[in-house]
Asker: 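Dropping a structure here in structure tokens format, bear with me for questions.
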Amino acid sequence: MLGDAAGNRITISVANEPLRPGPEGARLSVVDYDGGSGRYYEPVDLDAPALLMQGGLDPVESDPRFHQQMVYAVASKVLENFDTALGRTFRWKGGARLRLLPHAFRGVNAFYDPDLFAVLFGYFRADEANPGPNLPGQTVFTCLSHDIVAHEMTHALVHRLRPHYMEPSNRDVLAFHEGFADIVAIFQHFSFPEILTGAIQATRARLSSADSLVKLAQQFGYATGMGQALRSALDDEADADDPAGEKRRKRDRLNRQLYETVAEPHERGSILVAAVFDAFFATYQCRIRDLIRIATGGSGVLPEGDLHPDLVGRIAKEASKTAQNVLTMSIRAFDYLPPVDITFGDFLRALVTADTELVPLDDRGLRAAMIEAFRIRGVYPDDVISLAQESLLWEDRTGEVPDLPVNLLRQQLVLSARAFDRYAPGRESDDDPIGPWASALRAWAQENARPLDLVPGLRVALQGFHTVFRVSPDGQLLIEMVARFVQTQKGAPDALPLRGGTTVVASSEGKVRYAVSKPLPSKALRPEAHRAGQRRAGAHALLSGQENLADPLQAWGDPRSLRRRRARVSFSALNRAAWSAR
Ligand SMILES: [Zn+2]
């Protein structure tokens, strides 16, 4: 229903690639099997000349082929955003295609299933009594929500980049998965200026009060009879007319309590979203100040009535640019995140470090705004003495760890650079360390275990190795080599294993700059690493006693996991028959 409202119709531009009917491209494959009725819908052929000429299908809610196109477009945009931010072409394990099923099952749900390597979207009838903006009993397709598609896609991407983030080794891990998926959904949403113009006009440039924009997947939320959107990025208490700062102080106190007490992954994740959103909003306000001054002859007070459409257009552009900056900055943090056991504090440190490497001068003010927003919410990283930018940077380890094997790096560098050459035959980039490289890197890590905070003598697994090419806003090229190592300590058979690991960031010549570690406890390590290991082991023991870890997915999606498991069972049954036929 919202799709028909003015300002809700946009065109998403994605890079062209040859497509088979489906659409099926190099990294995504839309498979339209309807698990509810047990049949396939005709796949859309976006490369058909007639469709090419009209730039794809127009939005039609009743045509499954439009649903296929929509899912493909939004998912491709998410991939593109990751490509840009990560400075390399993202690839699924083994070069596989992620399957997207726009009508996988009947049910109020959508989820990424790592076992099926698919994102499954459900559809359902809107609540008869409390349908919100939908018609009572209208069919609602989760695959038609930009935010839901982007959210679930992000789960799949995060799982590829950090498979161990599905293990709830501390309260922040699953919450990070959820919060990060929302961050990508919201800021990709905000990166389309067309969407923002209506809200900017309606709220007179105070975007934070544009409820309709901030609430995620609104249609989805209303239609399940909850009467409100699923989650919101903003506190209701945010208020500008508060001269004494009384409300603000109260809000800050509440915010800090939230981070100390909330455990449910979605709710806890929304703390992360809210922090990042605050930083976005502060930066946005700062950036449009000059426009407002120009428009008001310096008074800063906007006149009564509608804003000039040109002003709205320019403000929308600033807002969408800021959203894109926040999105890119958040994704870029990934290369500086530890391979296991993430906390929100780690994310903040990774964010600040990655951004400082690329943009040494924080002239956009985004970094400072991020730090402030996290501080307000009581998110303090372990082991930092202050929240000044310099103390939030990961510790510089230059000179402490021997260089990475140079020959290996040269080969990897050449191979990865080819991925950016449009004319190179067989363009590819490979995140999966293969054969001799993997063993050479593993041997290097094993040899230098102690300075890398890995336990000497315990097996080291190489989780990923890649080259990163990033271009800074002033056109500088930054090249980095990133490798991730994981160690596992066996525990009881049904308990969550205790893992340690280190993400190594090195220069193109193999000089190790950062070793972002989550050590296992061992006296053989540096004393501070051993202490961190002991702390982690203690927290892990405590947690293993509390939670049901048998099915980490259970905590992952919404509480309606039973329905999901049923959908999964029926889907896997048809999966065996259907895939072999295709
Ligand atoms: Zn989720």
Side-chain angles (χ1 to χ4, degrees), residues 77-91 150 153-154 157-162 165 176-177 179-188 190-191 272-273 275-277 279-280 283 320-339 342-371 373-374 381 389 392-394 396 416 419-420 429 431 464-484 503-508 513-514 516:
K77 193 76 204 172
V78 176
L79 279 174
E80 249 175 45
N81 275 319
F82 272 76
D83 286 345
T84 312
L86 292 177
R88 59 181 183 270
T89 310
F90 180 91
R91 270 174 31 111
M153 249 326 260
T154 307
L157 283 147
V158 171
H159 187 56
R160 163 70 172 140
L161 293 167
R162 294 290 183 280
Y165 284 8
F176 173 79
H177 234 296
F180 192 77
D182 276 352
I183 289 171
V184 172
I186 290 181
F187 290 102
Q188 176 165 305
F190 274 33
S191 70
L272 187 72
V273 181
V276 174
F277 192 86
F280 160 77
T283 312
S320 78
K321 208 168 76 191
T322 310
Q324 187 68 50
N325 290 156
V326 168
L327 180 59
T328 308
M329 186 182 179
S330 304
I331 300 173
R332 195 186 291 140
F334 256 89
D335 283 330
Y336 291 74
L337 288 177
I342 187 182
T343 64
F344 290 177
D346 294 334
F347 179 61
L348 177 62
R349 295 190 73 177
L351 201 81
V352 171
T353 312
D355 198 60
T356 307
E357 285 290 320
L358 196 62
V359 196
L361 263 182
D362 184 26
D363 47 2
R364 303 174 300 170
L366 200 47
R367 223 146 56 211
M370 283 282 183
I371 296 170
F374 276 71
Q389 294 204 14
L392 282 174
L393 296 177
W394 289 122
D396 191 338
S416 323
F420 293 95
S429 85
D431 268 354
F465 175 49
H466 47 251
T467 320
V468 175
F469 300 89
R470 300 187 221 276
V471 180
S472 74
D474 61 2
Q476 300 263 7
L477 179 64
L478 179 77
I479 303 177
E480 281 169 342
M481 315 295 283
V482 181
R484 302 192 307 272
T503 299
V504 174
V505 181
S507 73
S508 64
R513 304 274 331 272
Y514 301 102
V516 182

Asker: Taking all heavy atoms of Asp362 and all of Ala368, pick out the closest pair and write down the distance.
Answerer: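 That would be OD2-N, 3.0 Å.
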Asker: Between Phe277 and Phe280, is the gap from one ring center to the other below 6.0 Å?
Answerer: yes
Asker: If we only count heavy atoms from C-beta on, is the Leu327 to Gln188 side-chain gap below 4.5 Å?
Answerer: yes
Asker: Run the side chain to side chain contact (heavy atoms under 4.5 Å, CB included) check on Ile371 and Leu392 step by step: do they pass?
Answerer: CA-CA 9 Å; Ile371 296 170; Leu392 282 174; 3.6 Å; yes
Asker: For Ala373 versus Ala279, what's the shortest heavy-atom pair and its separation?
Answerer: CB-N, 4.1 Å
Asker: Taking the six-membered ring for Trp and the full ring for Phe, Tyr or His, determine whether the centres of Phe90 and Phe334 are under 6.0 Å apart.
Answerer: no
Asker: Might you work through the side chain to side chain contact (heavy atoms under 4.5 Å, CB included) test for Leu79 and Leu157, ending with a clear yes or no?
Answerer: CA-CA 8 Å; Leu79 279 174; Leu157 283 147; 3.8 Å; yes
Asker: Atom NE2 of His466 and atom OG1 of Thr89: how far apart are they, to the nearest 0.5 Å?
Answerer: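 So the gap between those two atoms works out to 12.0 Å.
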Asker: What residues form a side-chain hydrogen bond (donor to acceptor under 3.5 Å, both in side chains) with Arg484, not counting sequence neighbours?
Answerer: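 Testing Arg484 for side-chain hydrogen bond (donor to acceptor under 3.5 Å, both in side chains), a comparison that skips the adjacent residues, returns Gln463.
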Asker: Are the side chains of Glu357 and Tyr514 in touch, meaning some heavy atoms are under 4.5 Å apart?
Answerer: yes
Asker: Nearest 0.5 Å, please: how far is CD1 in Ile186 from OG in Ser191?
Answerer: 12.5 Å
Asker: Rounded to the nearest 0.5 Å, what separation is found between the CG atom of Asp355 and the CE atom of Met370?
Answerer: 8.5 Å
Asker: Can you list everything that forms a salt bridge (charged side-chain N to carboxylate O under 4.0 Å, His left out) with Arg470? Sequence neighbours excluded, please.
Answerer: Asp335, Glu480
Asker: For a 4.5 angstrom cut-off between non-hydrogen side-chain atoms, does Val352 reach Leu393?
Answerer: yes
Asker: What's the spacing between Asp346 CG and Phe176 CZ if we round to 0.5 Å?
Answerer: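 The CG atom of Asp346 sits 9.5 Å away from the CZ atom of Phe176.
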Asker: Determine whether Thr353 and Val505 make a side-chain contact, defined as any pair of heavy atoms from C-beta on separated by less than 4.5 Å.
Answerer: no
Asker: Give the minimum heavy-atom separation between Ala350 and Trp394, together with the two atoms involved.
Answerer: CA-NE1, 3.5 Å
Asker: Which heavy-atom pair separates Ala333 from Ala354 by the least distance, and what is that distance?
Answerer: CA-CB, 4.2 Å
Asker: List in chain and number order the residues that pass side-chain hydrogen bond (donor to acceptor under 3.5 Å, both in side chains) with Thr322, two or more places apart in sequence or in another chain; answer none if no residue qualifies.
Answerer: Arg287
Asker: Verify side chain to side chain contact (heavy atoms under 4.5 Å, CB included) between Leu86 and Leu161, making sure each step is shown before the conclusion.
Answerer: CA-CA 11 Å; Leu86 292 177; Leu161 293 167; 4.1 Å; yes
Asker: To the nearest 0.5 Å, tell me how far Met153 CE sits from Phe82 CZ.
Answerer: 8.5 Å
Asker: Could you verify whether a donor N or O on one side chain and an acceptor N or O on the other, from Thr84 and Asn81, lie under 3.5 Å apart?
Answerer: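 Per modelled atom types, Thr84 and Asn81 side chains form no pair under 3.5 Å.
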Asker: Please walk me through it: do Val158 and Thr154 pass side chain to side chain contact (heavy atoms under 4.5 Å, CB included)?
Answerer: CA-CA 6 Å; Val158 171; Thr154 307; 4.0 Å; yes
Asker: Contact between Leu337 and Thr503 at the side-chain level, heavy atoms closer than 4.5 Å - yes or no?
Answerer: no
Asker: Considering non-hydrogen atoms only, spot the tightest contact between Ile479 and Ser508 and give its length.
Answerer: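 Between these two residues, the closest heavy atoms are CG2-CB, 3.8 Å.
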Asker: Is there a side-chain contact between Leu478 and Ser472 in this structure, where contact means two heavy atoms from C-beta onward sitting under 4.5 Å apart?
Answerer: no
Asker: How far does CZ of Phe180 sit from OH of Tyr165, to the nearest 0.5 angstrom?
Answerer: 10.0 Å
